[in-house]
Amino acid sequence: MKRVKNVKQVDVRQSLLLAGLILASVAGSAQAVTFYAYASTSGNPGLGGYHIYSDSGPTPVEISSDHSGLRNRQHVNDLGASSAMVDAQAFARADMNGLHLETVVTGSLRDPEPYYSETFAGSANARAALGDSFVIGFPGSAAVFATTSMTLHFNMSGPLSAYAYATPDPLYPLNAGGSEGRSRWHADFVARDTTTGNELGRITLDQSCSMSTTYNFSCFGDLPGNYVMNISVPFGHTLSISLNGETWSSVLGAASRGGDILAGGQADLRHTIAWGGITNVRDENGQAISGFTAISATSGYDYVNAFPAAVPEPETYATMLAGLGLVGFAARRRAAL
């Protein structure tokens with residue numbers, strides 16, 4: 001596998017232009033297997049601007065980005081001190097197991113200074129794409145059909161989480177401040193007749209989750225799971241498929257007197273947005289065809305089969321446990337007041 005970490009850094013406009021060109025190529029007429037990965041983070045406190053990295057090519061790619069910032073401030077009117085922290089991480093990989101995306105952002109305030117507003121904000125974005133093409137092959141060299149219908153399978157898995165807590169200073173219970181955590185994923189599955197350039201089908205999915213100190217955790221949109229697309233293609237035409245995925249996570253918080261403020265968001269699609277195989281292939285008369293193949297000329301993969309399931313990596317569990325630890329910390333402090 002081609003592994004790249006924080007090697008290629010470009011500005012926002014260049015990166016978005018590159019992403020558009022790559023995704024258009026993946027979903028369009030290009031027949032060679034193509035992989036694309038993008039990761040971006042930003043936050044305050046910490047070094048300003050976006051930390052953007054991307055890579056693409058005919059072999060699997062992997063990209064990560066991170067932002068960490070800490071600001072300590074001595075109180076002017078008393079002997080206390082305050083601190084603001086934000087940490088943002090984005091990870092993207094595209095390989096022959098599928099697309100693997102994760103964004104994690106956490107932020108906190110401790111004992112903000114009286115009469116002055118202290119804030120934190122952070123965001124992370126990860127994107128990946130995979131495109132390939134193949135021709136459906138049939139048993140027997142004399143097999144010829146006018147059109148062929150089939151069912152394409154796609155699947156995705158991975159949870160979203162968000163939390164936000166504010167614990168006030170007991171001396172100033174009405175000045176607890178506020179925070180918010182958000183997470184979101186987006187996925188596109190596209191099938192195209194490369195011979196004619198016609199799009200045969202598209203599945204677009206979105207889900208968002210959020211929580212703040214003024215409203216409870218909630219989610220809306222599509223759910224992870226298995227999805228199918230029924231298409232027809234003329235005999236002998238090249239079929240291209242593309243998988244496109246994106247995750248976002250963000251936090252923000254502000255307070256002006258004592259207490260603690262916490263917020264976090266995580267989108268864990270590291271395992272995975274994936275191809276699920278081909279079933280129900282039939283000729284123009286509706287007769288089922290068995291023994292067919294869908295082998296890519298460039299990757300060599302037989303798309304009759306689903307991608308092998310990816311195995312969760314230890315760092316994923318560590319990240320999830322860290323987030324749960326912050327939630328538990330906040331809950332314990334609230335219970336103690």
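All figures in this text were calculated on a predicted structure; none of them were measured in a lab. Atom set for the values below is all heavy atoms of this structure, side chains included, hydrogens, waters and symmetry mates excluded.
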State the [atom1]-[atom2] distance between [X] and [Y], to the nearest 0.5 angstrom.
{"X": "Arg182", "Y": "Ser210", "atom1": "CZ", "atom2": "OG", "answer": "4.5 Å"}
{"X": "Ile52", "Y": "Ile63", "atom1": "CD1", "atom2": "CD1", "answer": "12.0 Å"}
{"X": "Arg184", "Y": "Gln207", "atom1": "CZ", "atom2": "CD", "answer": "11.0 Å"}
{"X": "Arg192", "Y": "His237", "atom1": "CZ", "atom2": "NE2", "answer": "15.0 Å"}
{"X": "Ile273", "Y": "Met156", "atom1": "CD1", "atom2": "CE", "answer": "4.5 Å"}
{"X": "Leu269", "Y": "Ser157", "atom1": "CG", "atom2": "OG", "answer": "7.0 Å"}

CG (Asn216) with more than 12 external heavy atoms under 6.0 Å: no
Evaluate whether atom OH of Tyr215 has more than 12 neighbouring non-hydrogen atoms of other residues, nucleotides or ligands under 6.0 angstrom away.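 It does: Tyr215 OH has more than 12 such atoms within range.
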Check for a donor-acceptor pair, side chain of [X] on one end and backbone N or O of [Y] on the other, with a separation under 3.5 Å.
{"X": "His67", "Y": "Pro45", "result": "yes"}
{"X": "Ser183", "Y": "Ser161", "result": "yes"}
{"X": "Asp222", "Y": "Asp206", "result": "yes"}
{"X": "Asp283", "Y": "Asn285", "result": "yes"}
{"X": "Thr34", "Y": "Ala32", "result": "yes"}
{"X": "Ser65", "Y": "His51", "result": "yes"}
{"X": "Asp66", "Y": "Ala88", "result": "no"}
{"X": "Thr196", "Y": "Asn198", "result": "yes"}
{"X": "Asn97", "Y": "Pro308", "result": "yes"}

So which atom in [X] and which in [Y] form the shortest heavy-atom distance, rounded to 0.1 Å?
{"X": "Gly181", "Y": "Ala162", "answer": "O-CB, 3.4 Å"}
{"X": "Leu101", "Y": "Glu246", "answer": "CD1-N, 3.4 Å"}
{"X": "Tyr301", "Y": "Ala306", "answer": "OH-O, 2.5 Å"}
{"X": "Val190", "Y": "Glu199", "answer": "CG1-OE1, 4.0 Å"}
{"X": "Thr213", "Y": "Ala164", "answer": "N-CB, 4.0 Å"}
{"X": "Val105", "Y": "Ser123", "answer": "CG2-C, 3.9 Å"}

Distance-only side-chain donor-acceptor flag, Thr279 / His153, under 3.5 Å: yes
Side-chain donor-acceptor contact under 3.5 Å, Asp111 with Ser82: no
Any side-chain heavy atom of [X] sitting closer than 4.5 Å to one from [Y]?
{"X": "Phe307", "Y": "Asn155", "answer": "no"}
{"X": "Leu239", "Y": "Leu200", "answer": "yes"}
{"X": "Asn125", "Y": "Tyr38", "answer": "yes"}
{"X": "Phe189", "Y": "Leu243", "answer": "yes"}
{"X": "Leu99", "Y": "Arg127", "answer": "no"}
{"X": "Ser208", "Y": "Phe220", "answer": "yes"}
{"X": "Asp95", "Y": "Glu62", "answer": "no"}

Sequence neighbours left out, what pairs pass disulfide (SG to SG under 2.5 Å) with at least one residue falling in residues 192-261? Cys209-Cys219
Tell me every residue that passes ring-ring contact (aromatic ring centres under 6.0 Å, His included) with Phe134, counting only those two or more places apart in sequence or in another chain. Tyr303
Please assess Ile289 against Ile136 for the test side-chain contact (heavy atoms from CB on, under 4.5 Å), listing each intermediate value before the final yes or no. CA-CA 11 Å; Ile289 302 171; Ile136 298 293; over 6 Å; no
Chi angles and distances behind the side-chain contact (heavy atoms from CB on, under 4.5 Å) call for Leu252, Thr119: CA-CA 7 Å; Leu252 58 88; Thr119 64; over 6 Å; no
Does the side-chain hydrogen bond (donor to acceptor under 3.5 Å, both in side chains) test come out yes or no for Ser249 and Thr103, once each step is laid out? CA-CA 6 Å; Ser249 296; Thr103 49; 2.9 Å; yes
Cluster check [X], [Y]: I/L/V/M/F/W/Y, side chain < 4.5 angstrom:
{"X": "Phe235", "Y": "Val281", "result": "yes"}
{"X": "Ile295", "Y": "Val135", "result": "no"}
{"X": "Leu205", "Y": "Leu130", "result": "yes"}

Give every donor-acceptor pair under 3.5 Å between a side-chain atom in residues 225-233 and any protein atom, sequence neighbours left out.
unit_1: Tyr227; atom_1: OH; unit_2: Leu223; atom_2: O; d: 2.6
unit_1: Asn230; atom_1: OD1; unit_2: Thr151; atom_2: OG1; d: 2.7

Working note: Arg110 + Met85, criterion side-chain contact (heavy atoms from CB on, under 4.5 Å); need CA distance, chi angles, decisive distance, verdict. CA-CA 9 Å; Arg110 299 297 302 272; Met85 181 277 293; over 6 Å; no
When you look at His186 and Thr204, which way does the side-chain contact (heavy atoms from CB on, under 4.5 Å) test go after all the steps? CA-CA 8 Å; His186 171 87; Thr204 299; 3.4 Å; yes
Of Val86, Ile261, Leu262, Thr106, the residue whose pairing with Val251 passes side chain to side chain contact (heavy atoms under 4.5 Å, CB included):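 Only one of Val86, Ile261, Leu262, Thr106 forms a side chain to side chain contact (heavy atoms under 4.5 Å, CB included) with Val251, namely Val86.
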